[in-house]
Number of protein chains: 2
Amino acid sequence: MDRRERARAERGALIVRTARELAEADGWDAVTTRRLSEAVEYSQPVLYGHFKNMQAIVTAVALDGMVELAAVLRSAREAGGIRGLAEAYLGYAEEHPATYAAIFTRRTDLVFGAAESPEILKITFGELAAAVEPYANGDVETLTEVFWSALHGQAALNQEARLRPAQRTDRIEQLVKLVTG
Amino acid sequence: MDRRERARAERGALIVRTARELAEADGWDAVTTRRLSEAVEYSQPVLYGHFKNMQAIVTAVALDGMVELAAVLRSAREAGGIRGLAEAYLGYAEEHPATYAAIFTRRTDLVFGAAESPEILKITFGELAAAVEPYANGDVETLTEVFWSALHGQAALNQEARLRPAQRTDRIEQLVKLVTG
DNA sequence: ATCCCGATGCTAGCACTGCTAGACAATCTA
DNA sequence: TAGATTGTCTAGCAGTGCTAGCATCGGGAT
């Protein structure tokens, strides 16, 4: 039956959604197999019928987040160019810290360079590249990496309260100015 | 007796040194209280006579690393200006990934903004500021934060193999060019 | 309608984690 | 030498990720 198939897929999505909610609410350390299985109202082994291990669940959250992030960046860039994109990127990292951490700071199974699940990664990278391209007079790809790293650095250091909160917009502004010249 | 005091201090240093070695060899996940206590040839409770918990040991490694990093940045800046400093910063992160992670990517007790243990943090930040200062026509501190974030972003994304390895020096070069104009 | 079998879900448990109480031994003080 | 203090260990607790093995339920064949 494919009703079963649908029910199964729905449950898989429920697991991912719940894991993400738990993580955003109490941090990834609070997302244990026991708490998660209790939250979805199934026993622990059910989780392993859907995902190889806990790491795979985090990866699933990361992929969902990546899709979201790509969409956010796209519309922000179309509306506000590189400045809008930079603001949107850091905004996303602040609004969904656990999801952002799943994508970028926690160790994941996601292989970035290879041809495994790179489609959404390429799309996101493409958004960054499109924002940077008008200001690159040489190697667009490398400048994109530099710009992306700069954004990620601000997101990461921001999240651990290592940068002065009041200067948040100033930092974005300065970074954009550096790139646009 | 202060012979005891010295022996005790030496043992504390041994714990930190060993934790760091274990982390650099096999990653922080492999640094458990049991493995660490076995490596220093004491039982687990001894660790807790020196440190409040495992987190405090990581913090101690981070502080040691921060002192090292400050010294590295200083001599690199004096010899090679901002370009030398950038190269040295990323070099340190690559050569001591676990130590760098203890300082910046793992969650630590280190409060950065407050007046608790900020001396070495201020010194390191000062090195970055000194490197950036000649090229800042406005707010040095904010530009330093932007530059630092950009370096940290490259270090972090580099460590997780998310940037093309071959373009490593190109990225440093581009970043330096952005700042120096 | 009944039997069977595969899928689905659970209980219980393993080896590991950080951390600690309480017993024992070694050392210094008087 | 007796007492106190310091140091160290064994044993154990609660919690972790993960899995073997047993129930139970539903759909298809006879």
Side-chain angles (χ1 to χ4, degrees), chain A residues 1-23 25-62 98 101-102 105-110, chain B residues 1-23 25-62 98 101-102 105-110:
Chain A
M1 281 307 167
D2 57 347
R3 184 187 69 228
R4 291 193 164 183
E5 200 64 30
R6 270 182 287 122
R8 185 181 161 76
E10 168 54 33
R11 227 176 29 189
L14 171 67
I15 292 173
V16 176
R17 197 186 329 135
T18 309
R20 179 171 171 174
E21 286 169 4
L22 277 178
D26 302 325
W28 279 109
D29 285 352
V31 184
T32 69
T33 55
R34 280 171 183 77
R35 265 196 279 268
L36 179 54
S37 64
E38 188 177 1
V40 297
E41 295 183 294
Y42 286 98
S43 68
Q44 296 181 64
V46 171
L47 304 179
Y48 292 90
H50 286 267
F51 298 94
K52 177 167 137 276
N53 51 28
M54 196 63 197
Q55 182 57 251
I57 297 178
V58 180
T59 302
V61 172
T105 60
R106 289 179 61 90
R107 194 163 287 299
T108 53
D109 312 343
L110 283 179
Chain B
M1 281 306 168
D2 57 347
R3 184 188 68 229
R4 291 193 163 185
E5 200 65 30
R6 271 182 287 122
R8 184 180 162 76
E10 167 55 33
R11 225 177 28 192
L14 171 67
I15 291 173
V16 176
R17 197 185 330 135
T18 308
R20 179 170 171 174
E21 287 168 3
L22 277 178
D26 301 326
W28 279 109
D29 285 351
V31 185
T32 69
T33 56
R34 281 172 180 78
R35 265 195 279 269
L36 178 54
S37 65
E38 187 177 2
V40 296
E41 296 184 294
Y42 286 99
S43 67
Q44 296 180 62
V46 172
L47 304 179
Y48 293 89
H50 286 266
F51 299 94
K52 177 167 136 276
N53 50 29
M54 197 65 198
Q55 181 58 251
I57 297 178
V58 180
T59 302
V61 171
T105 59
R106 287 179 63 90
R107 193 162 288 299
T108 53
D109 313 342
L110 284 179

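Order of the sequence lines fixes the chain letters, A, B, ..., with proteins taken first and strands second; residue numbering starts at 1 for each chain. Values in this document were obtained by computation on a predicted structure and should not be read as measured data.
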K.L.:
Measure the distance from CD1 on B/Ile15 to C1' on D/dG7 and round it to the nearest whole Å.
P.N.:
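Distance, rounded to whole Å: 13 Å.
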K.L.:
Of the non-hydrogen atoms in A/Ser37 and A/Ser43, which two are nearest, and what is the gap between them?
P.N.:
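For A/Ser37 and A/Ser43, the tightest heavy-atom pair comes out as CB-C, 3.7 Å.
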K.L.:
Need one value for B/Arg8: base, sugar-phosphate or nothing, where a base atom within 4.0 Å counts as base even if backbone is also close, heavy atoms only.
P.N.:
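Touches nothing.
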K.L.:
Closest heavy-atom contact between A/Arg8 and A/Gly49?
P.N.:
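Looking at all heavy atoms of both residues, the closest pair is NH2-O, 2.7 Å.
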K.L.:
Please tell me if the side chains of A/Thr105 and B/Thr105 come closer than 4.5 Å, counting only heavy atoms from C-beta onward.
P.N.:
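The answer is no, as the side chains (C-beta and beyond) never meet within the 4.5 Å cut-off.
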K.L.:
Return the minimal non-hydrogen interatomic distance between A/Val61 and A/Ala102, and the atom names on each side.
P.N.:
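A/Val61 and A/Ala102 have their closest heavy atoms at CG1-CB, 4.4 Å.
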K.L.:
Any side-chain heavy-atom pair from A/Ile57 and A/Val31 closer than 4.5 angstrom?
P.N.:
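Not touching, per the 4.5 Å side-chain cut-off.
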K.L.:
Got a sec? Which of residues 27-34 of chain A come in under 4.0 Å of DNA chain D, heavy atoms?
P.N.:
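Contacts with DNA chain D under 4.0 Å: A/Val31, A/Thr32, A/Thr33, A/Arg34.
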K.L.:
Can a donor-acceptor pair under 3.5 Å be found between the side-chain atoms of B/Gln44 and the base atoms of D/dC9?
P.N.:
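In this structure, the two groups form no donor-acceptor pair.
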K.L.:
Among the nucleotides D/dT8, C/dT11, C/dG9, which one has an atom lying closest to any side-chain atom of A/Pro45?
P.N.:
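Among the listed nucleotides, the one closest to the side chain of A/Pro45 is C/dT11.
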K.L.:
Starting from C1' on D/dT8, measure out to OH on B/Tyr42 and report it in whole angstrom.
P.N.:
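It is 10 Å, rounded to the nearest whole Å.
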K.L.:
Hey, can you pull the residues of residues 50-59 of chain B with a non-hydrogen atom under 4.0 angstrom from DNA chain D?
P.N.:
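When residues 50-59 of chain B is checked for heavy atoms under 4.0 Å from DNA chain D, there are no hits whatsoever.
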K.L.:
Starting from P on C/dA15, measure out to CZ on B/Arg35 and report it in whole angstrom.
P.N.:
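So the two atoms are 16 Å apart, to the nearest Å.
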K.L.:
How many whole angstroms separate atom CG of B/Leu36 from atom C1' of C/dC16?
P.N.:
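In whole Å, C/dC16 C1' and B/Leu36 CG are 16 Å from each other.
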K.L.:
In this structure, how many angstroms lie between the P atom of C/dG9 and the CG atom of A/Leu14, rounded?
P.N.:
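In whole Å, C/dG9 P lies 12 Å from A/Leu14 CG.
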K.L.:
More than 12 heavy atoms of other residues, nucleotides or ligands under 6.0 Å from CD of B/Glu38: yes or no?
P.N.:
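Check fails, neighbour count at 12 or below.
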K.L.:
Which pair of heavy atoms, one from B/Met54 and one from B/Leu36, lies closest together, and at what distance?
P.N.:
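Result for this residue pair: CE-CD2, 4.2 Å.
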K.L.:
State plainly whether the residues A/Glu41 and A/Arg11 are in salt-bridge range, i.e. N to O under 4.0 Å.
P.N.:
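Not counted as a salt bridge, because no side-chain N and carboxylate O are separated by less than 4.0 Å.
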K.L.:
Of all the nucleotides listed (D/dT19, C/dT20, C/dT8), which has the minimum atom distance to the side chain of A/Tyr48?
P.N.:
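Output: D/dT19.
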K.L.:
With axes from five pairs an end, tell me the bend angle of the helix from C/dA1-D/dT30 to C/dA30-D/dT1, nearest 10°.
P.N.:
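The value is 20°.
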K.L.:
Is there side-chain contact between A/Tyr48 and A/Thr33, with heavy atoms separated by less than 4.5 Å?
P.N.:
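Yes. Closest side-chain heavy atoms under 4.5 Å.
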K.L.:
To the nearest angstrom, how far is A/Glu38 atom CD from C/dT11 atom C1'?
P.N.:
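Value for this atom pair: 16 Å.
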K.L.:
How about CZ on B/Arg107, more than 12 heavy atoms from neighbouring residues, nucleotides or ligands closer than 6.0 Å, or not?
P.N.:
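Not buried by this count: 12 neighbours or fewer within 6.0 Å.
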K.L.:
Please name the pair of heavy atoms, one in A/Trp28 and one in A/Ala98, separated by the smallest distance, quoted to 0.1 Å.
P.N.:
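Smallest heavy-atom distance, with atoms named: NE1-O, 2.9 Å.
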